[in-house]
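First up is the structure itself, then whatever we jot down about it.
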Amino acid sequence: MKKLKYINLDLLIFFFNKNFWFSFLKNINKEYGIPNINAQNILIEFVSANPTGPLHVGHCRGAVFGDVLSNLFIYAGNKVTKEYYVNDYGNQIDIFVESVYKRIIEIINHDPFPINSNLYPGQYIIDIAQNIIRKKKINNFDNYQSIKKDLSDLSIKEAMILIKQGLKSIGITHDCFVYETEIVKKDLINKAINKLSKNNYIYEGYLPKPKSVNDKDWVKRKQLLFKSTLFGDDEDRALKKFDGTWTYFANDIAYHDYKIERKYDKYINILGADHAGYLKRISSSVDALQKNVKFKCKVTQLVKLFKSGKPYKMSKRAGDFIELKDLVSAVGKDAVRFMMVYRNTDSQLDFDFDLVTDKSKDNPVFYVQYATARINSLFRKLKLNINDEIQNVDLTLIKDKHEINIIKKISEWPHVIDLSTKNLEPHRIPYYLYELSSYFHTYWNMGKNDDSFKIIENDNKELANARIYLIKKIYSILEKGLNILNVAVLKEM
RNA sequence: GCGUCCGUAGCUCAACUGGAUAGAGCAUUUGAUUUCGGCUCAAAAGGUUAAGGGUUCGAAUCCUUUCGGACGCACCA
């Protein structure tokens, strides 16, 4: 230690000398950055988009966020189950299936598809219709009511194929798909509601009129309610509809009870901004179902698309939204993944099509990948395998301030991992990788201006060896970080 | 009207969750390099952290009020 500065009661500041940093660098091993924690069994639910069509850009942020978070937890030594809840039940599915039906009839009988109805018009509905006709599981489409159940199953199956393709295109695979119809079929709803009932969390009562509803359309009605206000929600929530069937929320309580029954150490839900209002209610129900359960919801804010600095508008109603797979084919999986977690999920994200395909240092994805490519080129030049250990290093030859700063930057890595994991904030990783890359590129450029800073091209073999050792440590962290992001580590570009 | 999130340099965002002089990139200015004013490099400048009030040794961070923005607010999913 070089010196110790006293600021006040709680703050001590340490200044380390160079030898500290050398021995620090020496001690970096394969486990460097992995927190020393007890392994946990974590269930993380994300995407969970309705099976009524392919994924679009709006789903993308939550999808990548959940996946990176999973990788992060795995890296930190935990066991992770990535789960997708399939809402294959209820009104929206009915509308979807009817849309597919009308498209089938349009294709077979040339009856035009009813525009301006509540049905989904999109091209993907036509594709699904064609697939169903082609696969010939149903031979006669004349009577909608009689084939409704089969058509529904087939349509959902087709939609799930599209969704899984979209996920695959950005490198995401879920471990587990839980279908809402299964929850209903197994009668898990009664089971969960009984659980709540036993604790007196359920009653018959009245809800106040919502502000967004007209007086005319509002009928005061006694209904079955869950006391979510006991757990911090703004209102108690309805469990049964006017026709006596369960609400979506009741089914979701059952689903979360099913999660709890499977006994994980920790549960994480990733929700889109448009479902943020749902958060209190679902966490209330989880608290009510089981005391002291570790359950966290994370909301990802919207993504705004830009092209050359101008907003890129799209409308779901008109059916012209951008599908995830279109985004990926336009800018590539790496760019999508990197940029989607580059920012804190609490803030809205601007995603510029042009910037992420730019081959320049303005593009953070390129910049980080360029660093790994440059480092690889050094090893190629030396005819060294980048994975081999470097022997007999004399690190005291590293003297420059910038080199010491690189070591300091490297020392931040475990903290980045720790904060990202604890606070569910993986944006720190790409941000850090960008900074570390920036340190590396500056180092590289120092050699361009001054030969004595050339990493390998100088007469001093010992010095070159020490520098290569340092560079390799940078590389191993970039590699770890990119692996967590599931962004390619490029050997050359 | 209510709820959630956000407001930090001209722009897009960080800031180790309450700690030092609030940091990066773009844009700007200056210089270097390049037989290109375009690529690259180096440096400078840029801030009352939306505004007011409070909490304490100490606040961008916590509390409160106001203003501004996004999203949501049926028995839909």
#### Entry: Rounded distance (Å) that lies between atom P of B:C5 and atom CG of A:Asp234
11 Å
### Query
Looking for any heavy atom pair under 4.0 Å, which part of the strands does A:Tyr434 touch: base, sugar-phosphate only, or nothing?
sugar-phosphate
### Task
By nearest nucleotide on RNA chain B, pick out whichever of A:Leu419 and A:Leu207 is the more 5' one.
A:Leu419
### Query
Using the P atom in both, what is the distance from B:U55 to B:U64, to the nearest Å?
15 Å
### Task
Please report, rounded to the nearest Å, how far the C1' atom of B:C39 is from the NE2 atom of A:His441.
15 Å
## Note on the structure
Assign each of A:Leu349 and A:Ala276 the nucleotide of RNA chain B bearing its closest heavy atom; nearer the 5' end lies the nucleotide of A:Ala276
#### Entry: Residue matched to B:G72 through Watson-Crick or wobble contacts both under 3.5 angstrom
B:C2
### Message
If you only use heavy atoms from C-beta on, which nucleotide in B:A70, B:C41, B:U12 is closest to the side chain of A:Asn445?
### Response
B:C41
### Query
What nucleic acid atoms does A:Thr442 come within less than 4.0 Å of, heavy atoms only: base, sugar-phosphate, or nothing?
sugar-phosphate
### Summary
Pairing partner of B:G58, by Watson-Crick or G-U wobble and under 3.5 Å for both distances, is none
### Query
So does A:Lys149 pair up with A:Asp153, basic N to acidic O under 4.0 Å?
yes
### Message
Expressed as a whole number of angstroms, how long is the span from A:Lys280:NZ to B:C73:P?
### Response
15 Å
### Query
Where do A:Tyr85 and A:Tyr258 land on the side chain to side chain contact (heavy atoms under 4.5 Å, CB included) test, with the steps shown first?
CA-CA 12 Å; A:Tyr85 181 45; A:Tyr258 175 57; over 6 Å; no
### Query
Are A:Phe65 and A:Phe46 an aromatic pair by the rule of ring centers under 6.0 Å?
no
### Query
Is any side-chain N or O of A:Asn423 under 3.5 Å from a base N or O of B:U17, one able to act as donor and the other as acceptor?
yes
### Message
A side-chain contact here means heavy atoms from C-beta on lying under 4.5 Å apart; do A:Tyr267 and A:Val286 qualify?
### Response
no
#### Entry: Distance test, side-chain N/O of A:Lys241 to OP1/OP2 of B:A74, below 4.0 Å
no
### Query
Is any side-chain N of the basic residue among A:Glu45 and A:Lys259 closer than 4.0 Å to the acidic one's carboxylate O?
yes
### Query
Expressed as a whole number of Å, how far does the C1' atom of B:A51 sit from that of B:C67?
7 Å
### Task
Please give the nucleotide sitting opposite B:A27 as a Watson-Crick or G-U wobble pair, both distances under 3.5 Å, or none.
none
### Query
Would A:Glu98 and A:Lys102 pass as an ion pair if we require N to O under 4.0 Å?
yes
### Task
For B:G3 versus B:U29, give the span between their P atoms, rounded off to a whole number of Å.
47 Å
### Task
Please tell me which of the listed nucleotides, B:C71, B:A77, B:C13, lies nearest to the side chain of A:Ala273?
B:C71
#### Entry: A:Phe177 six-ring centre to A:Lys164 NZ/CZ under 6.0 Å and within 45° of normal
yes
### Message
Just to verify, which of A:Lys473, A:Lys409, A:Arg467 counts as forming a salt bridge (Lys or Arg N to Asp or Glu O under 4.0 Å) with A:Glu403?
### Response
A:Arg467
### Query
Can you tell me how far P in B:C63 sits from the matching atom in B:G7, rounded to whole Å?
14 Å
### Query
Is A:Tyr89 touching bases, backbone alone, or none of the nucleic acid, heavy atoms closer than 4.0 Å?
sugar-phosphate
#### Entry: Watson-Crick or G-U wobble partner of B:A50, both distances under 3.5 Å
B:U66
### Message
Could you tell me how far B:U30 sits from B:G68 if I compare only their C1' atoms? Round to whole Å.
### Response
37 Å
### Query
What is the distance from CZ of A:Arg428 to P of B:A14, rounded to the nearest Å?
10 Å
### Syn or anti conformation of B:U34, syn meaning chi within 90° of 0
anti
### Query
Which whole-number value in Å describes the distance from A:Leu279 CG to B:C5 C1'?
11 Å
#### Entry: B:A15: pairing nucleotide in any strand, Watson-Crick or G-U under 3.5 angstrom
none
### Message
Just N and O in the side chain of A:His427: are any of them under 4.0 Å from OP1 or OP2 of B:A15?
### Response
yes
### Task
Would you mind reading off the distance between A:His59 atom NE2 and B:C71 atom C1', rounded to a whole angstrom?
15 Å
### Query
Taking the P atom of each, how far is B:C62 from B:U49, in whole Å?
15 Å
### Task
Please work out if A:Gln301 contacts a base, only the sugar-phosphate, or nothing of the nucleic acid, heavy-atom cut-off 4.0 Å.
sugar-phosphate
### Task
Calculate the interatomic distance between A:Ile282 atom CD1 and B:C73 atom C1'; express it in whole Å.
17 Å
### Task
Take atom C1' in B:G53 and the same atom in B:G31, then report the distance between them in whole Å.
48 Å
### B:A50 to B:C26 separation - P atoms, rounded to the nearest Å
24 Å
### Task
Report yes if a donor N or O on one partner sits less than 3.5 Å from an acceptor N or O on the other, where the partners are the side chain of A:Tyr431 and the base of B:G23; otherwise report no.
yes
### Task
Using Watson-Crick or G-U wobble geometry with both distances below 3.5 Å, tell me the partner of B:U40, or none.
B:A32
#### Entry: Distance, rounded to the nearest Å, where A:Asn344 contributes CG and B:A60 contributes C1'
14 Å
